[in-house]
Amino acid sequence: MMEYNFRDIEKKWQQRWVEQKTYRVSEDTKRKKFYVLNMFPYPSGAGLHVGHPLGYIASDIYARYKRLQGFNVLNPMGYDAYGLPAEQYAIQTGQHPEVTTVENINRYREQLDKIGFSFDWNREVRTCDPAYYHWTQWAFQRMFNSFYCNKCQSAQPIERLISHFEEKGTEGLDVAQTEELSFTAAEWRAMDEKQKSDTLMNYRIAFMGETMVNWCPKLGTVLANDEVVDGVSVRGGYPVEQKKMRQWCLRVSAYAQRLLDGLDTIDWSDSIKETQRNWIGRSEGTEVRFQIAGTDETFTIFTTRADTMFGVTFMVLAPESELVDKVTTAEQKAEVEKYLTYVKGRTERERQIDHKVTGVFTGSYAINPFTGEKNPIWISEYVLAGYGTGAIMAVPAHDSRDYAFARHFGLPIIPLIEGADVSEESYDAKEGIVTNSPRKDATPYCDLSLNGLTVKEAIAATKKYVEGHNLGRVKVNYRLRDAIFSRQRYWGEPFPVYYKNGIPQMVPEECLPIMLPEVDKFLPTETGEPPLGNATRWAWDEVNRKIVDNTLIDQKAVFPIELYTMPGFAGSSAYYLRYMDPHNDQALLSTEAANYWQNVDLYVGGSEHATGHLIYSRFWNKFLFDLGVSVKEEPFQKLINQGMIQGRSNFVYRIKDTNTFVSYGLKDQYDVTPIHVDVNIVTNDQLDLKAFKAWRPEYNTAEFILEDGKYICGWAIEKMSKSMYNVVNPDMIVERFGADTLRLYEMFLGPVEQSKPWDTNGIDGCHRFLKKVWSLFFDKDGKLALTDAEPSRDELRSLHKLIKKVSEDIENFSFNTSVAAFMICLNELASLKSRNRAIAEQLAVLMAPFTPHLSEELWEATGHETSVCDAQWPQLCEDYLKEDSMKMMVAFNGKARFPMEFPVGTEQQTIIDAALADPQSKKWTEGFSVVKVIVVPGKMINVVLKPAK
RNA sequence: GCCGAAAUGGUGGAAUGGUAGACACGAGGGACUUAAAAUCCCUUGGCCAUUACGGCUGUGUGGGUUCGAGUCCCACUUUCGGUACCA
């Protein structure tokens, strides 16, 4: 008996695909392109579990479907190969990260190959490959040599800015910048080289800046926020402090508005667009200047609530603000110093976790330009130096933080909105009618009155007044920060930068890439320099234009090279462009390739990258778009966020202090401890006792209290992880059921976007289905059992229903329902006893995106010589979908009662008459009169009744 | 706190405002078999009824719109994501 032998079939076709280069693609201007892309994986040491391929399978189905529709489909894959785990492993074992990374990549590749993807492996990229990071370095240099022009909203060569300085200084400048500088052409020309370099850093898109970081002196490295808990490092428990450090940064904030606007042009889920909008955090407000009482000095605050000008009762500065020194009076100096010391000792983390109300009075006052009142100036950590101007006006009645502060320090609270009760808490809502602005008892100070206006109107009126009276300006602020672009790590892209007299210089473009040097230790140096400080060959010979030994520094023209490396997102920001032309050694990609492939039509990946990779990539692409390298402003037209596959853990229950395990149903009668048990020795929650005893030595002598002769395990949905013993490996599934079954089942589990648990038990259904498909084509002896008769109308209807459903479902990414549709169709064919060749062939094509190996085999068996990949997606003929008759439900007052059948196309009135005339209707209509009848063709005849009098 | 998504049988999940629970798993019963596996058939939301038929109830909670609501509107509860002194 010849059964569905998936092992041989899958091996055969996977080999043939390689031999015949089935998935090789090239630019073909005669065909329309379609670019499908998955977020490339970081090859971790743990290998793939069953959750990882979910998105790859979904996009592979889409890619294959598009190909069957005649598109020239680009569906590449590669590796995000730089990353922390490999480096940590290197530090612990001395194993070079490259070795581990390559091992892991090979393992991934092996696992991926078994699942039957249509990737064009010829286009593989690895971020750690010098031929790849050449272009990461190149892009960085271009960013370094660019500034952002606000007027033309695009990146421009830095030379243009320099000539502007030469001619006019900063006059008439409207560009993105770290801080607003002001100098004349003469002043610019008077600057020395170092000063000019420092000044330009204020404008470059890739620039060197001073920023606050978590610094751990004992570990000699910067730590990310999640590597610090309660002020100490997670690894080692060493204290962590806030430190200002020089770092390379990318001026992502310059693109804030374009990043925001672009969201309206792309086909992403509303939730992820919203996340990005929040992250960019555009806020329209007003900057207002306050005069420091008794001086000529002023300072500027930012507010979105210009309507609350008359409710200001104090001012607050960020502790890091440069104003602090200026406004602190002699009497308050000691207090202020004490407070600043306290704040300095607080880590970022502590400030985030507990929002203690703390602060100190500076001794100075600011004059409110609307009331003339003197408001005390305080310092508090709740005001952040990095947002707005680092100074605020406090309106405790209408801001909860100001309110808490006012209550704590006994400062006045003036309500400004009619009916707002501020006795217990502030009234933060931006609605209501403004009052007290100005207060009735106040001496008139300015001619602005907001009383009687709505909040919205009051804000607009105040803005107008501020601009008209030169008190400040209308300003848009963004929450989006510039990205810190350097890491004190080894395993990352080196910077193509060297330092000449402390001034960063770009290595000439023709000399790229600068290769990551060898080191003997992956830790920081003894003097606290990053790991690259251990490299002996890490100096730049400017004359011979090559990397040379460090010992030559200080001789002639040899200079130290940057010791920082780039962060993870550097390599992953433009990889989708490189896939278009992966072997090009002259450019990131050719113009031809860029013009043909344009951008990614469909991008699949996790939503956890919403505020990381997906922002950086969009930024990077926009920059390259400004350079004319990328031809589309947005890199990813449509985005699908696949859900996580969770683990389904199993538990056994050990009676305390014994080696006896009690079955789930009886566990409440004992004092038990639940213990995770390997899900691979449990079937349908029933424990394999033998396998359990063999699982670990201590369970060798285990005894069991069973129910109905079985040991039933408890279960829970948790993250899939080794420690929960709920990891299911795709190789194991492929070995037992085949890749096609795995693909089908992963899709059948539920909607791609949704998180759902993996439960191996359900896979049988999909496997059985494929066996049934096999036996539709072949008899018991393995002979093709199809007939060449004309297909019947019923067969054709079943097929075309399937074509319609599957085509729609794939377009909508609703793969679980298309799998169900396959099963329904097969059942229909079985009940029709259909073995029609024409129908069966079409079924094989429809299934090809889901089960490519099986479809290839069936396609070949039905006498085709080409790959099923080059078949044509079946044409839908609506004609076959028409039923001869339609079944409709007769309902009375919305309640369905009995079915009736009518020939297709029956007149509405005929239907109504027939329904009312039906003897069964009498039961419901007696004693009632008919108000109206609603006919939903093919579904429902609803008779609306009311009692007859 | 704010933003977003969700809540349907024992389980995963279906349902353009029109017979809720498609499809599958599991469970129960049966056929075949010495037996097991495999395969096939029947039942399977709950409650009541059953020699016929059937009836009631049911999509997190409470309201509303509608002839008709899982679906639309309002309020709430819970869960999961994201984010957080952003003025």
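All values derive from a computational prediction rather than experimental measurement. Chain naming here is simple, since letters A, B, ... match the order of the sequence lines and numbering starts at 1 in each.
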*Asks:* Select base, sugar-phosphate, or nothing to describe what A:R897 touches, counting heavy atoms under 4.0 Å on all strands.
*Replies:* nothing
*Asks:* Taking pairing as Watson-Crick or G-U wobble with both contacts under 3.5 Å, can you name the mate of B:U65, or confirm there isn't one?
*Replies:* none
*Asks:* Using a heavy-atom cut-off of 4.0 Å across all strands, would you classify A:P899 as base, sugar-phosphate, or nothing?
*Replies:* nothing
*Asks:* Picking from B:A84, B:C40, B:G82, which would you name as closest to the side chain of A:T275?
*Replies:* B:G82
*Asks:* Before accepting this row, confirm whether a basic side-chain N of the pair A:D270/A:R277 lies closer than 4.0 Å to the acidic partner's carboxylate O.
*Replies:* no
*Asks:* Using a 3.5 Å distance criterion without hydrogens, assess whether the side chain of A:D779 forms a donor-acceptor pair with backbone atoms of A:D781.
*Replies:* yes
*Asks:* Name the closest nucleotide to the A:N278 side chain, picking from B:C3, B:A14, B:C86.
*Replies:* B:C3
*Asks:* Quick one: look up who B:A31 pairs with, Watson-Crick or G-U, both distances under 3.5 Å, and put none if it's unpaired.
*Replies:* B:U39
*Asks:* Report the nucleotide, chosen from B:G18, B:U19, B:U83, that has the shortest atom-to-atom distance to any side-chain atom of A:A896.
*Replies:* B:U19
*Asks:* Does B:A87 have OP1 or OP2 sitting under 4.0 Å from an N or O in the side chain of A:Y382?
*Replies:* no
*Asks:* Can you tell if the side chain of A:I301 reaches within under 4.5 Å of the side chain of A:R289, non-hydrogen atoms only?
*Replies:* no
*Asks:* Side chains of A:D428 and A:S426 only: does a donor on one sit below 3.5 Å from an acceptor on the other?
*Replies:* yes
*Asks:* In whole Å, I'd like the distance from the NZ atom of A:K939 to the P atom of B:A15.
*Replies:* 12 Å
*Asks:* Hunt down the Watson-Crick or G-U wobble partner of B:A7, both distances under 3.5 Å, from any strand shown, or write none.
*Replies:* B:U77
*Asks:* Can you tell me the distance, in whole Å, between the CD atom of A:E284 and the P atom of B:C86?
*Replies:* 18 Å
*Asks:* For B:C86, does either OP1 or OP2 sit under 4.0 Å from a side-chain N or O belonging to A:R481?
*Replies:* no
*Asks:* Rounding to the closest angstrom, what is the interatomic distance between B:G13 and B:G81 at atom P?
*Replies:* 16 Å
*Asks:* Determine the interatomic distance between C1' on B:U16 and the same-named atom on B:U11; round to the nearest Å.
*Replies:* 28 Å
*Asks:* Take atom NZ of A:K895 and atom C1' of B:U57, then tell me their distance rounded to the nearest Å.
*Replies:* 9 Å
*Asks:* Could you check how far CE of A:M940 sits from C1' of B:A20, rounded to whole Å?
*Replies:* 12 Å
*Asks:* Given atom CG of A:L263 and atom C1' of B:G4, what is their separation to the nearest angstrom?
*Replies:* 15 Å
*Asks:* Using heavy-atom distances to pick each residue's nearest nucleotide on RNA chain B, tell me which of A:D270 and A:K805 is more 5'.
*Replies:* A:D270
*Asks:* Considering every strand shown, what is the Watson-Crick or G-U wobble mate of B:U44 when both distances are under 3.5 Å?
*Replies:* B:G26
*Asks:* Does B:A52 have a Watson-Crick or wobble mate here (both distances under 3.5 Å), and if so which one?
*Replies:* none
*Asks:* Using the P atom on both, measure B:C40 against B:A24 and round to a whole Å.
*Replies:* 11 Å
*Asks:* What nucleotide among B:C3, B:A15, B:A24 has an atom nearest to a side-chain atom of A:M823?
*Replies:* B:A24
*Asks:* From OH of A:Y387 over to C1' of B:C86, roughly how many Å is that when rounded to an integer?
*Replies:* 5 Å
*Asks:* Please give me the minimum heavy-atom distance between A:A821 and A:K805, naming the atom from each residue.
*Replies:* CB-CG, 3.6 Å
*Asks:* Indicate whether any N or O donor in one side chain lies under 3.5 Å from an N or O acceptor in the other, for A:T611 and A:Y616.
*Replies:* no
*Asks:* Determine the Euclidean distance between corresponding P atoms of B:G17 and B:U71; express it in Å to zero decimal places.
*Replies:* 11 Å
*Asks:* Answer syn or anti for B:G9, where the cut-off is 90° from 0 on the glycosidic torsion.
*Replies:* syn
*Asks:* Going by purine N1 to pyrimidine N3 plus the second Watson-Crick contact, or the G-U wobble pair, all under 3.5 Å, which nucleotide sits opposite B:G17?
*Replies:* none
*Asks:* Can you check the distance between B:U19 and B:C73, where both ends of the measurement are the C1' atom (answer in whole Å)?
*Replies:* 26 Å
*Asks:* Ignoring backbone atoms, establish whether A:Q754 has a side-chain N or O less than 4.0 Å from OP1 or OP2 of B:G13.
*Replies:* yes
*Asks:* If you look at every strand shown and take non-hydrogen atoms under 4.0 Å, does A:K273 touch a base, only sugar-phosphate, or nothing?
*Replies:* nothing
*Asks:* Which atom names give the shortest non-hydrogen contact between A:K273 and A:I266, and what distance separates them?
*Replies:* NZ-O, 2.9 Å
*Asks:* Considering every strand and a 4.0 Å limit on heavy-atom distances, what is the contact class for A:N684: base, sugar-phosphate, or nothing?
*Replies:* sugar-phosphate
*Asks:* Whole Å only: how far is the CG atom of A:D809 from the C1' atom of B:C23?
*Replies:* 12 Å
*Asks:* Distance check needed: B:A87 C1' versus A:L317 CG, whole Å only.
*Replies:* 13 Å
*Asks:* Rounded to whole angstrom, note down the P distance from B:G9 over to B:C47.
*Replies:* 15 Å
*Asks:* Distance between the P atoms of B:G60 and B:G10, in whole angstroms?
*Replies:* 13 Å
*Asks:* Which nucleotide in the set B:G13, B:A22, B:U16 lies at the smallest distance from any side-chain heavy atom of A:K756?
*Replies:* B:G13
*Asks:* Using Watson-Crick or G-U wobble geometry with both distances below 3.5 Å, tell me the partner of B:C2, or none.
*Replies:* B:G82
*Asks:* Quick check on RNA chain B: between A:N761 and A:I392, whose nearest nucleotide comes earlier from the 5' end?
*Replies:* A:N761
*Asks:* With heavy atoms under 4.0 Å as the rule, sort A:V383 into base, sugar-phosphate or nothing.
*Replies:* base
*Asks:* Taking B:A75 as the reference, what is the distance to B:U57 when you measure between their P atoms (whole Å, please)?
*Replies:* 30 Å
*Asks:* Regarding A:N650 and A:D685, do their side chains bring together a donor and an acceptor under 3.5 Å, going by distance alone?
*Replies:* yes
*Asks:* Regarding A:L384, tell me which of base, sugar-phosphate or nothing describes its non-hydrogen contacts under 4.0 Å with the strands shown.
*Replies:* base
*Asks:* Tell me whether the OP1 or OP2 atom of B:A14 has a side-chain N or O from A:N816 closer than 4.0 Å.
*Replies:* yes
*Asks:* Check this for me, if you would: do A:R648 and A:E718 make a salt bridge, where the nitrogen-to-carboxylate-oxygen distance has to be below 4.0 angstrom?
*Replies:* no
